[in-house]
Colleague: 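My questions all concern the structure below.
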Protein chains: 2
Amino acid sequence: MANTCNCDQCELRSLFFNNVSKEELDSLCTLKIERTYPKGELIVEEGNEIREFNYLKSGLVKLYKSTDEREQIITIAKPFDFISLLSIFSNNVYNYSVRALEDSVTCNISITRIKDLIKTNGTFALELLEKMNRIADSIIIESLNIRRKHLRGRIAHVLLFFAGYIYNAPEFELPISRKEIAEYIGMTTENVIRTLSEFRKDKIIKINGKIIEIINRDLLERISQLG
Amino acid sequence: MANTCNCDQCELRSLFFNNVSKEELDSLCTLKIERTYPKGELIVEEGNEIREFNYLKSGLVKLYKSTDEREQIITIAKPFDFISLLSIFSNNVYNYSVRALEDSVTCNISITRIKDLIKTNGTFALELLEKMNRIADSIIIESLNIRRKHLRGRIAHVLLFFAGYIYNAPEFELPISRKEIAEYIGMTTENVIRTLSEFRKDKIIKINGKIIEIINRDLLERISQLG
DNA sequence: CGCGGCTTTGATGTTCATCAAGTAAAGTGG
DNA sequence: CCACTTTACTTGATGAACATCAAAGCCGCG
């Protein structure tokens, strides 16, 4: 909850605040709030009023929708991704929830402050638009991609997603449960497990609890492509 | 292809150009290009360079991605929707295609002109951001909605989509083929037909070729909800 | 230590895609 | 305008993919 002004060190500064003047940046800095969330904690709850624009400074979070007993994961965000995606400028309440998958730190700025900045700083507005656009794109395209794949292709996809996009390493610890994988790619927990076991038997991956090691990446990519 | 300056009459003006000054509007007006496309014609092709910002003035179009033999419909846009959705500010080539489902007229403005306007007119920038945000939201939410439904629920959904969102009438002519419905909601053509026939037998709808009449809307909505 | 949640495997049944085959409709060229 | 081709539509039969149900082992946590 500290309000320290260390934006100079923030990696996001160069991505996000490229075109914000020194004065504006200082102003933002004094107004921004950092929040820390332990693993498992709720960061944003569907239906709550949107007061702040949030991005993820460190950690890992999932964005999801809850619909009667079942959760659907929309996407998984890593550091310097925006947590504020959907709804943020189009609605005054969140239409999705966010939960920390790992200990996470968010940086929050009042939404009205951001809106003022958009109005007064055109270059910032354009860059924000581009970034929001890019995020929405990737969610939509990924959703279409997942939908046209069979179970094996979906599991391959999600493994490559973690190994590539999130951790950039062939061996990693799954930050989500089998059940959450199922909620992410739209299948049942049992079939997630079964497919992972098949991949293990086929010597495509090694599994040790939540630790996954990708052995045959080429094959995994072919499976992901072909469905 | 006419370049007439009739923006005053355009219904979109009040939605889109609310915050554009008279001078800016005149300037846009002289620069805008209207294009007419007959039913079935390609409006935007995946991979082509993005030069213009487009919105739909009249008609109906589908946004879709082609992947090896198969098409996936992303969404269907009606008048005053933006055709420029994905990629527009995040990429310099289209990552989807657009085709006219009915005779359609688009209004096109140079993308650099729009970007200039964003930079100089903050209120416009914010409103554009809101609108783009809203569109991306609805596509993502709809995609999640469709994914968690069974075939009957998906068909119910798409029928209600046309009857409600597009035509606002219980009886309408389907602007797309059975095959395209299948491509929209991720199932096979045969099962689209089968499910429609079931609905007909169950006296939920009447079918006469492409003409659909919804008889039992309540039941259709329950089917759509429950999956 | 025992409870509840996560994981795993197997058996079973349902949903859905695929294949096949035929009819209707719509475009094409003489 | 009619034969011809192609594309859309429709129904049934079959099998594969996948969900559901059941049962048992595992692990963390109070």
Side-chain angles (χ1 to χ4, degrees), chain A residues 38-41 62 67-73 99 101 146-159 173-202 205-212 223-224 226-227, chain B residues 38-41 62 67-73 99 101-102 146-159 173-202 205-212 223 226-227:
Chain A
K39 178 179 172 168
E41 192 131 317
K62 65 171 174 178
T67 42
D68 44 297
E69 322 243 334
R70 178 171 307 178
E71 284 182 5
Q72 272 185 297
I73 295 183
R99 192 177 288 276
L101 295 174
I146 288 176
R147 206 158 77 176
R148 68 180 168 76
K149 286 177 184 155
H150 287 179
L151 296 199
R152 287 174 65 91
R154 292 183 192 182
I155 293 290
H157 175 97
V158 85
L159 290 176
E173 180 172 353
L174 269 180
I176 58 178
S177 68
R178 315 293 201 245
K179 190 177 164 217
E180 284 171 312
I181 295 179
E183 286 163 355
Y184 185 23
I185 55 183
M187 50 195 281
T188 58
T189 311
E190 292 95 322
N191 280 329
V192 170
I193 291 162
R194 245 185 283 272
T195 309
L196 284 172
S197 299
E198 278 173 38
F199 283 179
R200 177 170 41 77
K201 281 172 203 153
D202 297 346
I205 57 171
K206 280 185 186 166
I207 306 178
N208 183 9
K210 286 214 182 296
I211 313 259
I212 305 274
I223 294 171
S224 171
L226 299 177
Chain B
K39 178 177 173 170
E41 192 129 320
K62 66 170 174 178
T67 43
D68 44 297
E69 321 243 333
R70 178 172 307 179
E71 285 183 5
Q72 273 185 294
I73 294 183
R99 193 178 289 275
L101 295 173
E102 297 172 356
I146 288 175
R147 206 160 75 176
R148 66 179 169 76
K149 285 177 185 154
H150 288 178
L151 296 199
R152 287 173 65 90
R154 292 183 192 181
I155 293 289
H157 174 97
V158 84
L159 291 177
E173 181 172 354
L174 270 179
I176 58 177
S177 68
R178 316 291 201 248
K179 187 175 166 220
E180 283 171 313
I181 294 179
E183 286 163 355
Y184 184 24
I185 56 183
M187 51 195 280
T188 57
T189 311
E190 293 95 320
N191 280 329
V192 170
I193 291 162
R194 245 185 283 272
T195 310
L196 284 172
S197 299
E198 279 173 40
F199 284 178
R200 177 169 41 77
K201 281 172 202 152
D202 297 346
I205 58 172
K206 279 185 187 166
I207 306 177
N208 183 8
K210 286 212 181 299
I211 313 259
I212 304 274
I223 293 171
L226 299 177

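The structure displayed is predicted, hence computed values, not measured ones. Each chain gets a letter, A, B and so on, in the order the sequences are listed, and its residues count up from 1.
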Colleague: At 4.0 Å (heavy atoms only), tell me whether A:Thr189 reaches a base, stays on the sugar-phosphate, or touches nothing.
Modeller: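 Answer is nothing: A:Thr189 stays at 4.0 Å or more from every strand.
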
Colleague: Please identify each residue that fulfils side chain to side chain contact (heavy atoms under 4.5 Å, CB included) with A:Glu198, with sequence neighbours left out.
Modeller: A:Arg152

Colleague: Applying side chain to side chain contact (heavy atoms under 4.5 Å, CB included), can you list everything that pairs with B:Lys206, at least two apart in sequence or on another chain?
Modeller: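 B:Lys206: side chain to side chain contact (heavy atoms under 4.5 Å, CB included) contacts with B:Glu213, B:Ile215.
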
Colleague: What residues, two or more places apart in sequence or in another chain, satisfy side chain to side chain donor-acceptor pair (under 3.5 Å) together with A:Thr189?
Modeller: none

Colleague: Report the end-to-end axis angle of the helix from C:dC1-D:dG30 to C:dG30-D:dC1; each axis comes from five terminal pairs, and the value is rounded to 10°.
Modeller: 50°

Colleague: By side chain to side chain contact (heavy atoms under 4.5 Å, CB included), which residues pair with A:Arg147, not counting sequence neighbours?
Modeller: A:Leu144, B:Gln72, B:Ser143, B:Ile146, B:Arg147

Colleague: Mark up nucleotides 15-25 of chain C, 5' to 3', with B wherever a protein heavy atom is under 4.0 angstrom from a base atom, S wherever such an atom reaches only the sugar-phosphate, and - elsewhere.
Modeller: -SBBB------

Colleague: Please write out the pairs of protein N or O atoms and N or O atoms of nucleotides 27-29 of chain C separated by less than 3.5 Å, giving the distance to one decimal.
Modeller:
none

Colleague: When you check the phosphate oxygens OP1 and OP2 of C:dT7, does a side-chain N or O of A:Lys210 lie under 4.0 Å from one of them?
Modeller: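 A:Lys210 to C:dT7 OP1/OP2: side-chain N or O found under 4.0 Å.
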
Colleague: Apply side chain to side chain contact (heavy atoms under 4.5 Å, CB included) to residues B:Val192 and B:Val158 and explain how you reach the verdict.
Modeller: CA-CA 11 Å; B:Val192 170; B:Val158 84; over 6 Å; no

Colleague: Contact boundaries of DNA chain D with chain B (under 4.0 Å, heavy atoms), 5' to 3'?
Modeller: D:dC9 to D:dA13

Colleague: Which residue pairs pass the salt bridge (charged side-chain N to carboxylate O under 4.0 Å, His left out) test when at least one of the two sits in residues 173-192 of chain A, sequence neighbours left out?
Modeller: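 Qualifying pairs, neighbours excluded: A:Lys62-A:Glu180.
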
Colleague: If you apply the rule side chain to side chain contact (heavy atoms under 4.5 Å, CB included), what do you find for A:Leu159 with A:Leu196, and how did you get there?
Modeller: CA-CA 10 Å; A:Leu159 290 176; A:Leu196 284 172; 4.2 Å; yes

